[in-house]
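To keep things clear, I will list the structure first and then write my remarks on it.
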Amino acid sequence: IKNSIRFSRKNVWLRDEGKCLYCHKAVTFSSFTIDHVVPKTAGGQTTWDNVVTCCYTCNQKKGNKSLKDSGFNLIKLPRKPVRLPYIQEVADGNFNPDKGIPQAWKFYLER
């Protein structure tokens, strides 16, 4: 699909604003984990609607359980983004995700 946002680890982190969607703790790009909301062992797929940015601690606590069984709640539902912002740093290859999401991106990410 033309102009579709490519599913990638970096784009999941950007969509979730670099925060764990369970505890809302900021996580660096190099240290975050991806959690399957519906575990893969329960038929969960690796798709925009089923993966979230997660800190290591929450991922270990939730493990292979469903949200109900783990007692976890999502801060927001995962969805495929309509668009991610384009800035010159990304085009030039100078974007460093560990420095956090630029303030100028917030407008686009919150849509």
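All heavy atoms count here, side chains included; hydrogens, waters and symmetry mates do not. Just so it is clear, the structure is predicted and the values come from calculations on it, not from any experiment.
The number of heavy-atom neighbours closer than 6.0 Å to OH of Tyr56, taken from other residues, nucleotides and ligands shown, is 12 or below.
Of all heavy-atom pairs spanning Asn11 and Arg6, the tightest one is ND2-O, 2.8 Å. Annotation for Pro78 and Leu74: closest pair CD-CD1, 3.8 Å, computed over non-hydrogen atoms. Residue Phe7 comes nearest to Trp48 through the heavy atom pair CA-CZ2, 3.6 Å, listed as atom of the first residue, atom of the second, then distance. Annotation for Asn64 and Pro39: closest pair OD1-CB, 3.3 Å, computed over non-hydrogen atoms.
The CG atom of Asn50 sits 8.5 Å away from atom CG of Asp35, with the distance rounded to the nearest 0.5 Å. Taking NZ of Lys62 as the start and CG of Asp69 as the end, the distance is 9.5 Å to the nearest 0.5 Å. Rounding to the nearest 0.5 Å places SG of Cys55 at 12.0 Å from CZ of Phe32. The CZ atom of Arg15 sits 10.5 Å away from the OG atom of Ser8 when rounded to the nearest 0.5 Å. Put simply, NE2 on His24 and NZ on Lys76 are 7.5 Å apart, with the number rounded to the nearest 0.5 Å.
Contact of the Thr41 side chain with the His36 side chain is not registered, since no non-hydrogen atoms from C-beta on lie closer than 4.5 Å. Counting only heavy atoms from C-beta outward, the side chains of Lys65 and Phe72 never approach each other to under 4.5 Å. Annotation: side chain of Tyr22 is in contact with side chain of Val37 (closest heavy-atom distance under 4.5 Å).
Applying side chain to side chain contact (heavy atoms under 4.5 Å, CB included) to Asp16 and the options Ile75, Val51, Thr53 leaves one that passes, Thr53.
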